[in-house]
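Inspection log for the structure reproduced underneath, given as structure tokens.
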Protein chains: 2
Amino acid sequence: MAIPKGVSLKEVADKAGVSTATVSRVINSKTVVKGETELRVQKVIKQLGYRPNRVAQRLRTTNGASKLIGLLIPDIQNPFYVDVIRGIEQYAYARNFAIVIGNFSQNEERQKFYIDILKSESVDAFIVAPFPGMNDYVKELVEEGYAVVCIDRGLSNMDLDVVKVDNYQGAFDAVEHLVKVGHRRIGFISGNMQIPTTLERVSGYEAALTKNGIAIDREIIVGRNSDHTSGVELTAQLLDLPHPPTAIFTSNNLLTLGALETIHSRGLKIPEEIAILGFDDMYWSTSLNPPLTAVRQSGFEIGRITIDLLYQRIMEPARPYVSIVLKTELMVRTSCGHKSGKMKSTI
Amino acid sequence: MAIPKGVSLKEVADKAGVSTATVSRVINSKTVVKGETELRVQKVIKQLGYRPNRVAQRLRTTNGASKLIGLLIPDIQNPFYVDVIRGIEQYAYARNFAIVIGNFSQNEERQKFYIDILKSESVDAFIVAPFPGMNDYVKELVEEGYAVVCIDRGLSNMDLDVVKVDNYQGAFDAVEHLVKVGHRRIGFISGNMQIPTTLERVSGYEAALTKNGIAIDREIIVGRNSDHTSGVELTAQLLDLPHPPTAIFTSNNLLTLGALETIHSRGLKIPEEIAILGFDDMYWSTSLNPPLTAVRQSGFEIGRITIDLLYQRIMEPARPYVSIVLKTELMVRTSCGHKSGKMKSTI
DNA sequence: CTGAAAGCGCTTACAG
DNA sequence: CTGAAAGCGCTTACAG
């Protein structure tokens with residue numbers, strides 16, 4: 001299995017009658033090269049179909065020129081993260097960055113494992129949705145000099161560039177909608193309570209209730225993991241209560257899908273017998289029956305902005321940290337009641 | 001942004017009082033090292049927390065030791081491929097391979113673009129679902145010495161390791177089921193007809209019809225792209241026919257979701273007014289209303305086997321090519337009629 | 001069983 | 001503006 005290394009810098013240099021240093025210079029175009037020389041080299045590069053070996057470049061450079069980004073995704077089965085990946089990918093490759101991906105399946109050990117591997121791949125940046133318990137580990141990354149941008153949530157132990165959504169407001173709007181449509185007993189399936197994002201959504205939920213004069217009943221706020229199974233089981237638990245909710249607000253995609261499974265398997269009618277509103281919209285929310293009313297956060301946009309931030313961080317390592325908070329959008333369809341249309345969330 | 005290169009081989013060698021060659025040997029454990037020496041080196045490695053720099057390793061070696069796999073995914077929004085990715089990832093990292101991913105969004109140019117980038121990343125293997133028109137490009141990869149395994153479909157111009165599913169039989173079983181449940185006018189939304197997988201599914205569809213004495217009506221076999229939008233639009237087209245089908249068989253996930261959108265938006269009852277059966281099962285097929293009857297192909301399993309094949313190919317480049325064809329499973333739920341349970345597809 | 005040395009394909013001071 | 005040379009962190013013949 002002899003994989004050809006392809007045309008090398010040296011071959012280009014020889015053919016163009018210059019030194020490798022010069023060829024390198026025209027490629028990286030940081031230093032000035034005489035127009036005539038440059039043209040000649042460019043021509044040879046084209047002729048030979050030369051493409052720099054990124055591995056060699058990476059080995060040689062120690063700054064942000066390695067052009068490799070490590071992407072740590074909590075759960076690739078969650079359509080929201082798929083959108084984030086798409087956004088990141090599109091804009092990363094456009095900037096000549098490649099992406100190494102690690103899907104850690106909401107598991108702390110695997111997140112560590114991947115970080116270590118990606119380090120030995122000499123990535124020069126990390127994009128990570130930090131898992132509870134990983135605060136110190138991620139902080140270390142920053143201290144070691146990696147560019148890192150957090151998505152979906154930040155770190156509890158330091159400031160950092162983070163791109164997220166206004167979870168509080170998103171949840172608030174959702175619950176207000178439910179109230180407006182007539183519900184007063186609204187269950188909440190919250191997801192993993194260790195994750196800041198979850199807590200923000202809980203706050204939004206509580207605030208909306210309080211504002212509308214509805215008492216908070218801890219019995220109908222249930223949380224375990226942010227996965228499909230939890231959605232299935234916690235919905236059953238809610239429904240089995242002596243005094244069950246008339247509406248359920250689910251804290252993410254996976255939970256929503258799980259909840260729907262339980263609801264349908266019991267033959268309950270949506271929204272007449274039970275209303276449902278989910279955090280996270282999906283491109284196929286309208287393929288559900290009835291179409292799902294959902295809090296939309298644009299993963300694609302988050303991905304785009306993340307690459308932007310990362311790029312700026314690499315270019316100017318000392319720039320102050322920023323936290324970008326995108327607004328959510330409530331997509332009103334028919335799983336909660338009868339109104340239809342969409343309302344922007346307002347802050 | 002000075003990213004620390006970490007502890008180097010040299011530092012380990014110095015501290016252990018041996019040459020770098022020896023340390024390298026104990027790491028790669030291909031050649032014999034004296035037990036005592038090995039122990040000493042191991043200890044220092046542990047002490048210093050040494051981890052080999054994979055980039056340097058990659059630059060140096062030219063065979064299958066680069067430990068990097070390029071993964072070319074047609075469409076990461078398709079849950080089937082998400083499962084494939086999960087399978088690949090899990091088993092790749094277990095074998096100490098890292099994955100660079102390129103999601104080319106069913107676009108030929110982007111597939112080429114990614115292949116080129118991944119080459120310059122010195123991957124030693126490619127996993128690819130070849131897009132129509134890419135036959136020669138992929139063949140070249142093989143000729144250049146890369147290990148490549150195809151998923152979902154092979155190449156038309158050469159044999160190769162391929163891991164796929166019995167599409168003919170899967171479609172056949174699906175259509176037979178529809179017939180058994182009472183349908184005789186079954187529409188087919190086929191997806192991209194340039195893709196061999198599509199053609200196999202069309203054959204299965206036609207064979208089942210013919211076997212059951214139903215004439216093939218080209219008017220209700222419609223195909224364009226294998227995406228959501230096509231599903232939405234072609235379903236409308238089918239439904240608008242003077243003599244519309246009573247059942248629709250969709251050729252993949254995305255098409256199914258698109259079809260559902262149209263069906264629900266028209267307020268049609270499933271399965272009474274229109275039955276639907278989809279190729280590709282999803283873990284949330286039971287969250288649909290009614291639960292979807294679907295042809296299940298295990299993406300996760302495909303991923304697992306792919307890594308296996310790749311590994312063997314790297315170890316023994318000259319071994320004969322194999323084509324692994326997995327069976328599908330018809331998951332009978334309630335979107336087609338009243339029977340319930342599941343039947344294995346049989347060949 | 002082990003070491004000295006070359007080299008993978010680049011980039012980057014250092015001279016000129 | 002350009003070249004000669006060192007070196008990134010490894011692995012691998014070649015000797016011994």
Side-chain angles (χ1 to χ4, degrees), chain A residues 2-42 45 48-68 96 119-124, chain B residues 2-41 45 48-68 96 119-124 145:
Chain A
I3 295 174
K5 289 278 181 175
V7 183
S8 76
L9 224 199
K10 177 124 193 2
E11 297 175 54
V12 175
D14 288 351
K15 184 141 185 181
V18 297
S19 73
T20 57
T22 299
V23 179
S24 175
R25 286 187 190 107
V26 349
I27 289 169
N28 299 295
S29 57
K30 305 198 166 171
T31 12
V32 202
V33 177
K34 193 164 59 168
E36 186 197 340
T37 314
E38 170 156 14
L39 254 39
R40 188 150 34 97
V41 172
Q42 291 285 21
I45 288 180
L48 263 37
Y50 169 72
R51 293 172 50 86
N53 178 319
R54 292 170 65 104
V55 176
Q57 291 182 314
R58 189 164 303 140
L59 183 61
R60 194 56 182 72
T61 62
T62 175
N63 45 355
S66 113
K67 295 292 185 190
L68 224 212
N96 202 24
K119 274 189 189 179
S120 56
E121 288 288 355
S122 295
V123 299
D124 37 34
Chain B
I3 296 174
K5 289 277 180 176
V7 183
S8 75
L9 225 200
K10 177 121 193 6
E11 296 175 55
V12 175
D14 288 350
K15 183 142 186 181
V18 297
S19 72
T20 57
T22 299
V23 178
S24 174
R25 286 187 190 105
V26 348
I27 288 167
N28 298 295
S29 56
K30 305 200 167 175
T31 11
V32 205
V33 177
K34 194 163 59 167
E36 187 197 339
T37 315
E38 170 156 16
L39 253 42
R40 189 151 34 101
V41 173
I45 288 179
L48 262 38
Y50 170 70
R51 293 172 51 85
N53 179 318
R54 294 171 62 105
V55 177
Q57 292 181 315
R58 189 163 302 140
L59 182 61
R60 195 55 181 73
T61 62
T62 173
N63 44 357
S66 113
K67 296 292 188 191
L68 224 213
N96 203 24
K119 274 189 189 178
S120 58
E121 287 289 353
S122 295
V123 301
D124 36 34

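Each chain gets a letter, A, B and so on, in the order the sequences are listed, and its residues count up from 1. Quantities reported herein were computed from a predicted structural model and do not represent experimental measurements.
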Under 4.0 Å between a side-chain N/O of N53(A) and OP1 or OP2 of dC8(C), yes or no?
-> no
Is there a side-chain polar atom (N or O) of Q57(A) under 4.0 Å from OP1 or OP2 of dT11(C)?
-> yes
Closest to the L9(A) side chain, choosing from dC8(C), dT11(C), dA4(D) | dT11(C)
Out of dT2(C), dG9(C), dT11(D), which has the shortest distance to the side chain of T37(B)?
-> dT2(C)
May I ask you to say what V18(B) touches in the nucleic acid, namely base, sugar-phosphate or nothing, with a heavy-atom cut-off under 4.0 Å?
-> sugar-phosphate
Atom-pair distance (CG on L59(B); P on dC10(D)), nearest Å = 12 Å
Which atom names give the shortest non-hydrogen contact between V12(A) and V7(A), and what distance separates them?
-> CG2-CG1, 4.2 Å
Residues forming a side-chain hydrogen bond (donor to acceptor under 3.5 Å, both in side chains) with T20(B), sequence neighbours excluded | none
Distance, rounded to the nearest Å, where N28(B) contributes CG and dT12(D) contributes P = 7 Å
Taking the side chain of T22(B) as heavy atoms from C-beta outward, which of dA5(D), dT2(C), dC8(D) is closest to it?
-> dT2(C)
For DNA chain C, whose closest nucleotide is more 5', that of K10(A) or that of T20(B)?
-> T20(B)
Do you see a donor-acceptor pair shorter than 3.5 Å between the side chains of N53(B) and R58(A)?
-> no
Residue pairs passing the salt bridge (charged side-chain N to carboxylate O under 4.0 Å, His left out) test with at least one member in residues 13-22 of chain B, sequence neighbours excluded, are K10(B)-D14(B)
Spacing of OG1 belonging to T22(A) relative to CG belonging to L9(A), to within rounding of 0.5 Å | 10.0 Å
Please tabulate, one pair per line, each protein N/O and nucleotide N/O from nucleotides 13-16 of chain D that are separated by under 3.5 Å, including the distance.
| from | atom 1 | to | atom 2 | distance (Å) |
| --- | --- | --- | --- | --- |
| dA13(D) | N6 | R25(B) | NH2 | 3.1 |

Runs of at least three consecutive Watson-Crick or G-U pairs, both distances under 3.5 Å, are what I'm after; which ones involve DNA chain D?
-> C:1-3 with D:14-16, C:5-12 with D:5-12, C:14-16 with D:1-3
Pairing residues for T37(B) by the side-chain hydrogen bond (donor to acceptor under 3.5 Å, both in side chains) criterion, not counting sequence neighbours = none
Determine the interatomic distance between C1' on dT12(D) and the same-named atom on dG16(D); round to the nearest Å.
-> 16 Å
